[in-house]
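Structure, as structure tokens:
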Amino acid sequence: MRLKRMIFAGLFLSACTIGPEYTYPEINLPDRYSVLAPVTKASTSDLHWWRDFNDPVLNELVAQAMQSNIGVAEARERVREAEAVARQEGVVPTGNGTITARGNSNTGDTVSGEVTASFNLAGRTGWTSRAARQRLEAARLGVGEATRLLLAELGAAYIEMRFLQRSLETRSQDLASRQRTLRDLRTQFDVAAATQLDILRAQALVMETQAEIPRISANIMQQRNRISTLLGVPVGSVGTDLGYRGSQPHPIGTGDIGVPANLLRARPDIRIAERQYAAAVSDLGAAQAARYPSLDLSGLVTAPLSSGSWNESLVAGLTMPILSQPALAAAADAAESRSRQAYMGWREAVLEAVEQVENELSALRAAKQSVAASRKLVSLNERALMLSRELVIQGGDATVLDVIDRERSVSAARATLARNMRDLALSYVNLRVSLGIGHEEVTVAPESVTMSESTILSDISRSTPDAP
């Protein structure tokens, strides 16, 4: 019983803690984004923003990636690792226990048990346990961050693949149009209405188009392969038909973008940085507590296996790290610097997130305007090409060079429209990802201890343990 009382006393004394105080960091942010979103309220859920493209293939790919992406699976394994570390760091006393049985013909058989335990009187174990829990929370948030980045990469690969497929389609249309022009010129050449030079120019334009098609096809295959890898399956094993559907992804609407302050809770990377900052503060508390004495307990109980009395011996002592104080003080200073760095890392994550949203809002607005202008440009050039052909055939005020020039203009306008459509879709994806939308909410309980940022950013002058 005396041994139990001594252990309970050690546990009680170890609850006396010193160290910094912590509150969630704050930062002044504007009450709105500087660029107004050129969008309307979407009819679909903001959480599942990819459904705003109304693309069943994209929806299916996202569902598959959520289940089988290797990066997300690694993030889940990091959670399991952090859980194990948190359990390990949660053991308050350090020490060992041994049981020994002896046989003696004179005194009889006996069994003895020895327990040694050490308790840091400033609560060092409490700080290390708290830091482990905070890193566990960061690991859980890491699953959401891995998902956020996966959606960004998968969305970009899918949009790029559809852009290339559209480019291949337009180049095939260009090839058919230019082959038609070549046929018309050959017909005119037969009646002396066109020259051999005209035919050579038209042939060169046909070959130029044919030379571009293999490169586009190869790029399409590369994007298909990238999608396979993101889905965590070998190349060619996606199981989803990625054939061209005749159009590029185009969002049918977007949701409310909110205000910059929402990023503090929506962006997993910001919340991870905050938890890492909290863990760094706890590490500082552990480094400070290591400078204080530890209570060492040692107990021995000996009992006969047959008859006789029990014998107990208890030893208690204090261990003061006197000679190692300079090294421990340096370790505490290093831990304080790391906590400052973690705080600055959190601020940087917040500011970069706001910057990303602002940039994507600007890009989205510009892309919408460019798409509208490109559609008109394609229409005008197609009409000009048709008119040039008619004039050449009818012997009007147009030459073969005019037709070839219009051919190039139509091709360039279609390519510009395809690129602007791609940029619009990418800007939409990047905006939703920058806003931290697209992953299930990961709930992290608030830290139970109270700490203050001002304590971290000022010199720490505590030198004695608080009363238990």
Side-chain angles (χ1 to χ4, degrees), residues 55 57-58 153 155-189 194-229 235-236 238 241-250 367 370-389 392 398-427:
D55 188 331
V57 176
L58 178 59
E153 194 168 359
Y158 183 77
I159 290 168
E160 185 68 18
M161 182 189 70
R162 292 303 191 206
F163 160 69
L164 291 168
Q165 289 173 328
R166 173 59 180 166
S167 298
L168 181 61
E169 181 185 55
T170 57
R171 298 312 281 163
S172 299
Q173 293 172 349
D174 292 340
L175 179 60
S177 177
R178 292 169 183 183
Q179 287 173 336
R180 172 188 170 185
T181 299
L182 179 59
R183 289 193 301 269
D184 292 342
L185 286 175
R186 282 174 173 163
T187 300
Q188 290 181 311
F189 179 78
T195 66
Q196 185 65 38
L197 180 59
D198 294 334
I199 293 179
L200 289 175
R201 286 170 173 168
Q203 286 176 331
L205 197 57
V206 169
M207 296 308 298
E208 175 187 301
T209 308
Q210 289 178 336
E212 294 178 357
I213 290 177
R215 175 183 55 82
I216 297 174
S217 299
N219 290 339
I220 291 173
M221 185 58 63
Q222 291 174 4
Q223 294 304 320
R224 285 173 175 261
N225 296 343
R226 186 61 195 148
I227 290 173
S228 297
T229 301
V235 171
V238 173
D241 182 10
L242 298 179
Y244 188 51
R245 298 295 194 276
S247 62
Q248 293 178 250
H250 186 277
S370 296
V371 166
S374 297
R375 292 186 189 278
K376 295 180 180 178
L377 180 63
V378 169
S379 176
L380 291 172
N381 278 289
E382 287 176 343
R383 290 169 57 190
L385 173 60
M386 181 177 63
L387 181 59
S388 296
R389 278 203 180 106
V392 169
T399 66
V400 173
L401 289 178
D402 292 328
V403 174
I404 293 176
D405 182 61
R406 290 303 95 200
E407 291 271 10
R408 293 183 182 277
S409 297
V410 169
S411 177
R414 288 173 176 170
T416 299
L417 175 59
R419 284 194 300 270
N420 289 334
M421 289 284 291
R422 176 195 60 186
D423 294 344
L424 173 61
L426 284 176
S427 296

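Distance check, rounded to the nearest 0.5 Å: CZ of Phe189 to CD of Gln196 gives 5.0 Å. Taken to the nearest 0.5 Å, the CD1 atom of Ile220 stands 11.0 Å off from the CG atom of Leu242. A distance of 10.0 Å separates CG in Leu200 from CG in Leu182, rounded to the nearest 0.5 Å. Of the inter-residue distances, the one linking Leu175 atom CG with Leu205 atom CG reads 9.5 Å to the nearest 0.5 angstrom. Annotation: the span from Gln210 atom CD to Ser172 atom OG amounts to 10.5 Å, rounded to 0.5 Å. The OG atom of Ser409 sits 9.0 Å away from atom CG of Leu385, with the distance rounded to the nearest 0.5 Å.
Using a cut-off of 4.0 Å between Lys/Arg side-chain N and Asp/Glu carboxylate O, Arg171 and Asp174 are scored as salt-bridged.
Here the closest heavy-atom approach between residue Arg178 and residue Glu208 is recorded as NH1-OE2, 4.2 Å. Nearest heavy atom pair, residue Pro214 against residue Ala211, reads CD-O, 3.5 Å. Residue Ala418 comes nearest to Phe163 through the heavy atom pair O-CD1, 3.5 Å, listed as atom of the first residue, atom of the second, then distance. What you find for Leu164 and Ile216 is that their closest heavy atoms are O-CG2, 3.4 Å. Residues Ala156 and Leu426 approach most closely at CA-CD2, 3.6 Å, considering heavy atoms. Nearest heavy-atom pair, Ser228 versus Gly236, reported as atom, atom and distance to 0.1 Å: OG-N, 3.7 Å.
Listed by first and then second residue, the salt bridge (Lys or Arg N to Asp or Glu O under 4.0 Å) pairs involving residues 213-228 are Glu153-Arg226 (not counting sequence neighbours). For residues 371-386, the side chain to side chain donor-acceptor pair (under 3.5 Å) pairs, not counting sequence neighbours, are Ser374-Asn420, Asn381-Arg406, Glu382-Arg414.
At a threshold of 4.5 Å between non-hydrogen side-chain atoms, the residues Tyr244 and Leu168 do not count as touching. Looking only at side-chain heavy atoms (C-beta outward), Arg162 and Leu58 stay at 4.5 Å or farther from each other.
Looking at residues two or more places apart in sequence or on another chain, you find no salt bridge (charged side-chain N to carboxylate O under 4.0 Å, His left out) involving Arg186. When the salt bridge (charged side-chain N to carboxylate O under 4.0 Å, His left out) test is applied to Arg419, no partner is found at least two apart in sequence or on another chain. Every residue meeting the side-chain hydrogen bond (donor to acceptor under 3.5 Å, both in side chains) condition with Thr181, not counting sequence neighbours, appears here in chain and number order: Arg389, Glu407. Under the salt bridge (charged side-chain N to carboxylate O under 4.0 Å, His left out) criterion, Arg201 pairs with no residue at all, not counting sequence neighbours.
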Trace of the side chain to side chain donor-acceptor pair (under 3.5 Å) decision for Asp184 with Thr187: CA-CA 5 Å; Asp184 292 342; Thr187 300; 5.4 Å; no
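Under a 3.5 Å cut-off, the side chain of Ser427 and the backbone N or O of Leu424 do not form any donor-acceptor pair.
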